[in-house]
A.B. asks: 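Sending over a structure as structure tokens; questions will come in a sec.
Quick note: residue numbers are just sequence positions, from 1. Indexing begins at 1, ligand by ligand and atom by atom, following the structure's order.
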Amino acid sequence: MTSPVTWENRDGIALITIDSPPVNALGHAVRAGLWEAVEAAEADPAVRALVITAAGRSFPAGADIREFGKPPQAPLLPDLCDRIEVCTKPVIAALHGTALGGGLELALAAHVRIAHAKARVGFPEINLGLLPGAGGTQRAPRLIGAEQALQLMTGGRPVRAADALAMGLLDGVVEDGLTEAALALAADLVADGTAPVPTRDRTEGFRNPQVYAEAIAAARRQPHPPEQPAATRIADCVEAALLLPFEAGLAYERAAFEELQATPAARGLRHAFLSERRLSKTPEAGTEARPVEHLGVIGGGRTGAALVLSALSAGLRVTLVERDHDALIAALERIADIHEAEVARGRLTPEKRDEDWARLAGSAELPRLAEAEMIVEAVPEDLGLKAEIFSQLGRVARPGAILASATAALDIAALATAAGRPADTLAFRPWTEIPRSGLVELGVTPRTGAEAVATATALAARLGHRAVRATGPLLGRMMGAWAAAADGLLLAGSTPLRIDTALRGYGYRRGRYQAEDLIGLATLSGLRRPGLADGLAARGRTGCAVGAGWFDWPEGTRRAQENDEVLALVEAERQRHGLPSRPVGEEEIVLSCLLALIAEGTRVLADETALRPSDIDMALMIGLGFPRWRGGPMLAADMMGLLDAKNALAALAPENPELWTPADLLADLLKNGRSFEDLNGI
Ligand code: 3HC
């Protein structure tokens, strides 16, 4: 097998090139290749200095995340970094693209670093529940001090090359000709004859120990959930850089890295990273999308208005159609109000608002959509109404236009038939419950064409959303089960406040009742318990706030708790069902809601609504605010153990078999010693 690392002698300088697409991650073959290249170049008397560079889009973007959790293979990255640092000939790292994590650590082990002006560097390990584990916590503070090192490592956000240069992390930035500049620099160093100082012996960052110590103390004062110890351990390691000899500091960092790697949070975050990228691996991947510059939106309610706004913001032309003139004016006013609020908050400039507004047209006539390349219908959930709209669209839309419905629940196949264009029809469901949640569910039928899916996926990306491919309502079903479990606990004796507090304590971005009004509460629970909904409707209690919105926790739930009417209604409902009130603990709340998601997840997989378990996890993380560091419910099932999950579901089943009985898939996995993770593919 050819090595992904090659080197050649360029006038006495060894030019070492890493070539391992897509991002030159430092997997085993790259590490081994680099080690060999450094050894050979150092041993070659014709070589006076070394330049390490990378082909393709980027200098290494980090350790290979796919290798985490597997037995490590020598040479390990920290050892490779040491090997580079102790090289007796000058080593220059030439950075472009995104030199992240282990990639930046490799560069820090070199003696000199230059970068292309467009390069970005950083330590994103914290996003994976980790810390820089190849000397980064020891070398970076020696160059840039504790405050900036901590900012890079606990913030996890990359910085531009110019900023890294200003910090002292880089030694030079070039506009172009990176390799030539690195070779010239190497030649200068050779001609100069003074040996460069290895980073381990640099002390600029230690100049002011008091400032250094204050930065550590400030980092320690930041609150962090105990389940996510990475930030705390980063502070410990950066402190160790100042207090311990270099080798001992490295050993300390290594131990902390391994400790973090074993945490459930690291597993969850790694799963989230890989799941997010797996979303795009669909049967339609690789199909070319049709161009969409003109979007039609039918219905200017909450979903429609959100779509119009995000499409305008992405630079599209938009035609909004409402059922009549008055409804159109109301919808345009709603959109204008949101625009104005964004301007008032400083999120949108008045110029951009005017530009966006100039690309928006409104009409009460469907034929005005004849030029749109994609049309999304977002009217209320009424199959008859939607079918009528799709049948008209079949007549007026231009050939090749993608016809989409934002329906969260209804049968998309019926709409495809009504339009008479099954290959071009699909569901396009933006989930707007969590502000800027960025999830669009694509509902495809067996007759939906690959180009329609590719076009809708591309549009979702352009609007800043992740697309999840499903063959029917996915997130709606999962949320229904989650809500039903919570409602069961409410009737068993809990309160909205206690349930939402427990869920938020687990890490959900929203509680079950946080943004419900009474009817919403009743209707959601009415999926399985219609009594409560009927009771409320009979009392005419629509729009009475249980929660006060997504943003103002705990205010929303405090009101819910204080809302005697809700508690009285729940009590009445309890009595109607003859249910005794009993204490419901936090653990029970969290576990029940999770088990309901797991059970529904097995059903969503069994009927092939979702392509794979990790798509369900991702949909929940983005759309419902399931804690990312827990990796989603299907990973949580694997982590709890499938047998325990099955037994816990079996114990609950008699209470509500529809909710708690998993699909046979769960038993099949158990029988075959497999996990949900095994169904994810690569
Ligand atoms: N390991 C393995 N694969 C990686 C990877 C990594 N570190 N980084 C990216 N990839 C893969 C992705 O999975 C994806 O694969 P696919 O094409 O098969 O789906 C491909 O590279 C392209 O990635 P993106 O789709 O994310 O492309 P973008 O251009 O949007 O982003 C990026 C590129 C900014 C490099 C982004 O991928 C990223 O942030 N990667 C993670 C970087 C990271 O976390 N590095 C630290 C790793 S931990 C570490 O280094 C530990 C060390 O301290 C010991």
A.B. asks: How does L128 reach ligand 1, if at all, at less than 4.0 Å between non-hydrogen atoms: by side chain, backbone, both, or neither?
C.D. replies: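 Under 4.0 Å from ligand 1, L128 contributes side-chain atoms alone.
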A.B. asks: Quick check on contacts: which atoms of ligand 1 are under 4.0 angstrom from a heavy atom of G101?
C.D. replies: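 Every atom of ligand 1 under 4.0 Å from some heavy atom of G101: 50 (O).
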A.B. asks: Side chain of T455, backbone of R290: donor and acceptor closer than 3.5 Å?
C.D. replies: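 Yes, the answer is positive, given that a donor and an acceptor are paired below the 3.5 Å cut-off.
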A.B. asks: Counting only N and O atoms by type, is there a donor-acceptor contact under 3.5 Å from the side chain of R630 to the main-chain atoms of Y506?
C.D. replies: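 Yes; at least one donor-acceptor contact below 3.5 Å.
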A.B. asks: Report the part of R57 in contact with ligand 1, treating N, CA, C, O as backbone and CB onward as side chain, heavy atoms under 4.0 Å; options are side chain, backbone, both, neither.
C.D. replies: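 Near ligand 1, R57 shows its side chain, while the N, CA, C and O stay back.
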A.B. asks: Does only the side chain of A25 get under 4.0 Å from ligand 1, or the backbone, or both, or neither? Count heavy atoms.
C.D. replies: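 It is the side chain that touches ligand 1; the backbone stays farther off.
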A.B. asks: Counting only heavy atoms not in D176 (residues, nucleotides, ligands), do more than 12 fall under 6.0 Å from its CG?
C.D. replies: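 It does not: D176 CG has 12 such atoms or fewer within range.
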A.B. asks: Residue-level breakdown please: for F273 versus ligand 1, do any non-hydrogen atoms fall below 4.0 Å on the side chain, on the backbone, on both, or on neither?
C.D. replies: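 Only the side chain of F273 comes within reach of ligand 1.
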A.B. asks: Please state whether G136 comes within less than 4.0 angstrom of ligand 1, counting heavy atoms only.
C.D. replies: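 No; G136 lies far enough from ligand 1 that no heavy-atom distance drops under 4.0 Å.
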A.B. asks: Show which atoms of ligand 1 fall inside a sub-4.0 Å distance from at least one heavy-atom site of P132.
C.D. replies: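 Ligand 1 atoms under the 4.0 Å threshold to P132: 53 (O).
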A.B. asks: Taking H96 for the side chain and G56 for the main chain, is one N or O donor matched with an acceptor at less than 3.5 Å?
C.D. replies: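 At least one qualifying donor-acceptor pair exists.
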A.B. asks: Take a 6.0 Å sphere around CD of Q148 and say whether it holds more than 12 heavy atoms from other residues, nucleotides or ligands.
C.D. replies: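 Yes.
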A.B. asks: Would you say A134 and ligand 1 have an N/O pair spaced under 3.5 Å apart?
C.D. replies: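 Among all N and O atoms of A134, none is under 3.5 Å from an N or O of ligand 1.
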A.B. asks: Assess whether atom CZ of R83 is packed by more than 12 heavy atoms of other residues, nucleotides or ligands within 6.0 Å.
C.D. replies: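 Yes, CZ of R83 has more than 12 neighbouring heavy atoms, counting only those of other groups under 6.0 Å.
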A.B. asks: Is it the case that the side chain of E125 and the backbone of M153 share a donor-acceptor pair, with hydrogens and angles ignored and the cut-off at 3.5 Å?
C.D. replies: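 No; judged by distance alone, with no hydrogens or angles, the pair does not exist.
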A.B. asks: Just wondering, are more than 12 heavy atoms of other shown residues or ligands nearer than 6.0 Å to CZ in R157?
C.D. replies: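 Result for CZ/R157: open.
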A.B. asks: Has the side chain of R113 got a donor or acceptor atom that lies under 3.5 Å from a matching backbone atom of A93?
C.D. replies: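 Not a single qualifying donor-acceptor pair exists.
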A.B. asks: Would you mind running through ligand 1 and noting each atom that sits below 4.0 Å from a heavy atom of G62?
C.D. replies: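 Every atom of ligand 1 under 4.0 Å from some heavy atom of G62: 45 (N), 50 (O).
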A.B. asks: Closest by any non-hydrogen atom to atom 53 (O) of ligand 1: pick that one out of E125, M153, R278, R270.
C.D. replies: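 Shortest heavy-atom distance from atom 53 (O) of ligand 1: E125.
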A.B. asks: List every atom of ligand 1 that sits less than 4.0 Å from any heavy atom of V23, numbering the atoms from 1 in the order shown and giving each element.
C.D. replies: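 Close to V23: 4 (C), 5 (C), 8 (N), 9 (C), 10 (N), 21 (O).
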A.B. asks: Could you see which bit of I65 sits under 4.0 Å from ligand 1, with heavy atoms only: side chain, backbone, both or neither?
C.D. replies: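 It is both parts that get close, each with some atom under 4.0 Å.
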A.B. asks: Checking Q228 now: which residues fulfil side chain to side chain donor-acceptor pair (under 3.5 Å) with it, not counting sequence neighbours?
C.D. replies: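 Here no residue qualifies.
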A.B. asks: Using non-hydrogen atoms of the residue, decide whether E67 is closer than 4.0 angstrom to ligand 1.
C.D. replies: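 In this structure, E67 fails to qualify as a contact of ligand 1 - no heavy atom is under 4.0 Å.
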A.B. asks: Got an N/O contact under 3.5 Å between F68 and ligand 1?
C.D. replies: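 By distance alone, the answer is no.
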A.B. asks: Would you check the N or O atoms of T98, main chain and side chain alike, for any that come under 3.5 Å of an N or O of ligand 1?
C.D. replies: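 N/O-N/O distance below 3.5 Å does not exist for this pair.
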A.B. asks: Tell me whether P124 has any N or O atom under 3.5 angstrom from an N or O of ligand 1.
C.D. replies: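 Looking only at distances, the answer is no, because the N/O contact criterion of under 3.5 Å is not met.
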A.B. asks: I need the contact type for P22 against ligand 1. Using non-hydrogen atoms and a strict under-4.0 Å cut-off, is it side chain, backbone, both or neither?
C.D. replies: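 P22 to ligand 1: side-chain contact only, backbone stays beyond 4.0 Å.
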A.B. asks: Between T6 and T17, is any side-chain donor less than 3.5 angstrom from a side-chain acceptor?
C.D. replies: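 T17 and T6 do not have a side-chain donor-acceptor pair below 3.5 Å.
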A.B. asks: For the CD atom on E288, are there more than 12 heavy atoms of other groups (residues, nucleotides or ligands in this structure) within a distance under 6.0 Å?
C.D. replies: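 No, because the 6.0 Å sphere around CD of E288 holds 12 heavy atoms or fewer from other groups.
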A.B. asks: Within less than 4.0 angstrom of ligand 1, does E276 place any heavy atom?
C.D. replies: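 E276: no contact with ligand 1 (<4.0 Å).
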A.B. asks: Are D64 and ligand 1 in contact, using a heavy-atom cut-off of under 4.0 Å?
C.D. replies: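 Flag set, D64 near ligand 1.
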